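One is the number of the first residue; the rest follow in order along the sequence. All values reported here derive from a predicted model rather than from experimental measurement.
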Amino acid sequence: MMISSTFTICFLTALLSSVAALGPAAVNLRTAANYVILAKSGVSTVPSSVITGSVGVSPIAATGLTGFSLTVDSTGQFSTSAQVVGHLFAASYAAPTPSTLTVAIGDMETAFTDAAGRVNTDFTNLAAGAIGGLVLVPALYKWTSGVSIDSDVTILGTASDTWIFQIAGTLSVAVGRKVILAGGALASNIVWVVGGTVAVGTSAHFEGVVLGQTSISLLAGVTANSRLLAQTAVVLQQATLTM
């Protein structure tokens, strides 16, 4: 759905706010929701990134947390970093951390399977995956290839509405482009479930939970209100990430 008029966006905002919650049933992240970054094969940063929330890696050990200058807590259960407002957890830390992470990784994979397996799609292969410039209303979207955001995209809805974006291929956000929320939409109600790599370009802005089957990268100057939940690795380069 392509909308360029500010008047039309305002009209849709009023319309959406007058009806019950729209969109697919929410994806339950379970304990994976306790982390702003959760990955199986590692998390790396090029300093200085600013990360608000907990970071976890499993089954890889703490050696999979690179670029953070870690300080291990006296309990041995977690570490801290000047780049993280929160704690960093790894499978090699003291109990109960390994078992807690195993559960969280399982919950992440279950959430991916749930989100990727939803049917009754509202939009299929919208704009052939080139969604820059569009306004996306609450719905279940499906692409059988990749998705690119080459100009700003708006996600429009209320705080009760939900979105699931099923992307079989890659997701890329071009340099300096933004995912914009309007009408009260919440990042926590937006799920990008991506089979390929995710790459958010330099100085771009991103919103929503990413369930990635492969790697997720935020390049220099990126800001994001997000959770990055990857079945391989997460790479940050001087990025600002808030859960």
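- Criterion: ILVMFWY side-chain heavy atoms under 4.5 Å apart, direct or through other members. Under it, Met243 and Val222 are part of a common hydrophobic cluster.
- Grouping the Ile, Leu, Val, Met, Phe, Trp and Tyr side chains by contacts below 4.5 angstrom, directly or via other members, places Val200 apart from Val193.
- Both Leu70 and Val84 belong to a common hydrophobic cluster when Ile, Leu, Val, Met, Phe, Trp and Tyr are linked at side-chain heavy-atom distances under 4.5 angstrom.
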Begin from the C-alpha positions of Leu38 and Leu101 and carry the test side chain to side chain contact (heavy atoms under 4.5 Å, CB included) through to its verdict. CA-CA 9 Å; Leu38 186 62; Leu101 285 170; 4.2 Å; yes
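- Looking at Ser58, its side chain never comes within 3.5 Å of a backbone N or O of Ala90 through a donor-acceptor pair.
- Thr45 and Gln83 share a side-chain donor-acceptor pair at under 3.5 Å.
- Tyr141 and Thr124 share no side-chain donor-acceptor pair at under 3.5 Å.
- In the hydrophobic clustering of ILVMFWY residues, with side-chain heavy atoms under 4.5 Å counting as a link, Ile216 and Trp143 come out together.
- Closest approach of His205 and Ala224 over heavy atoms only: ND1-N, 4.2 Å.
- Here the CG-CZ distance, from Asp114 to Arg30, works out to 7.5 Å after rounding to the nearest 0.5 Å.
- With 3.5 Å as the limit, one finds a donor-acceptor pair spanning the side chains of Thr144 and Asn125.
- Side-chain contact annotation: His87 with Ser54, donor-acceptor N/O pair under 3.5 Å absent.
- In terms of heavy-atom proximity, Thr232 sits nearest to Ala39 at O-CB, 3.5 Å.
- Under the 4.5 Å side-chain criterion, counting only non-hydrogen atoms from C-beta, Tyr93 is in contact with Val72.
- Put simply, the residue from Ile37, Asp73, Leu65 that forms a side chain to side chain contact (heavy atoms under 4.5 Å, CB included) with Leu88 is Leu65.
- Distance check, rounded to the nearest 0.5 Å: OG of Ser217 to CD of Gln237 gives 7.5 Å.
- Trp192 places no side-chain N or O within donor-acceptor distance of the main-chain N or O of Gly212, the cut-off being under 3.5 Å.
- Atom CG of residue Leu236 and atom CD1 of residue Ile51 lie 5.0 Å apart, to the nearest 0.5 angstrom.
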Take Leu241 and Val36, measure what side chain to side chain contact (heavy atoms under 4.5 Å, CB included) needs, and give me the verdict at the end. CA-CA 8 Å; Leu241 174 64; Val36 66; 3.6 Å; yes
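- Counting only distance, with no hydrogens or angles, the side chain of Asn225 and the backbone of Glu207 share no donor-acceptor pair below 3.5 Å.
- Looking at Gln231, its side chain never comes within 3.5 Å of a backbone N or O of Glu109 through a donor-acceptor pair.
- Looking only at distances, a side-chain donor or acceptor of Asp152 sits under 3.5 Å from a matching main-chain atom of Lys178.
- Here the straight-line distance linking atom OG1 of Thr100 with atom CZ of Phe78 works out to 13.0 Å at 0.5 Å rounding.
- Residue Ala91 comes nearest to Pro59 through the heavy atom pair CB-O, 3.6 Å, listed as atom of the first residue, atom of the second, then distance.
- Put simply, the side chain of Arg227 gets close to the backbone of Ala33: a donor and an acceptor are under 3.5 Å apart.
- We find the CD-OG1 distance between Gln213 and Thr197 to be 12.0 Å, quoted to the nearest 0.5 Å.
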Check step by step if side chain to side chain contact (heavy atoms under 4.5 Å, CB included) holds for Val153 and Ile180. CA-CA 6 Å; Val153 62; Ile180 299 169; over 6 Å; no
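- In this structure, the side chain of Ser44 does not engage the main chain of Thr66 through any donor-acceptor pair within 3.5 Å.
- Looking at Asn189 and Thr162, their side chains never bring a donor and an acceptor atom within 3.5 Å of each other.
- Here Ser92 contributes atom OG and Ile60 contributes atom CD1; the two are 9.0 Å apart, rounded to the nearest 0.5 Å.
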Could you go step by step and tell me if Val198 and Thr170 meet the side chain to side chain contact (heavy atoms under 4.5 Å, CB included) rule? CA-CA 6 Å; Val198 177; Thr170 61; over 6 Å; no
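- Contact check for Phe89 versus Ser79: no side-chain heavy atoms found under the 4.5 Å cut-off.
- Side chains of Val43 and Leu228 form no contact here, defined as non-hydrogen atoms less than 4.5 Å apart.
- Side-chain N or O atoms of Gln238 include one that pairs as donor or acceptor with a backbone N or O of Pro47 at under 3.5 Å.
- In this structure a side-chain-to-backbone donor-acceptor pair under 3.5 Å is present from Ser49 to Ala239.
- You'll find the side chain of Leu29 reaches within 4.5 Å of the side chain of Leu229, heavy atoms only.
- Counting only N and O atoms by type, the side chains of Asp161 and Thr158 include a donor and acceptor under 3.5 Å apart.
- By the 4.5 Å heavy-atom criterion applied to side chains, Phe123 and Leu136 are not counted as neighbours.
- The nearest pair of heavy atoms linking Gly133 to Ser151 is N-OG, 3.1 Å.
- One hydrophobic cluster, built from ILVMFWY side chains closer than 4.5 Å, holds both Ile155 and Phe206.
- Counting only heavy atoms from C-beta outward, the side chains of Ile190 and Val209 never approach each other to under 4.5 Å.
- Shortest non-hydrogen contact noted between Leu140 and Thr121 is O-CG2, 3.3 Å.
- Minimum interatomic distance between Gln77 and Thr97 (heavy atoms only, all atoms of both residues): O-OG1, 2.7 Å.
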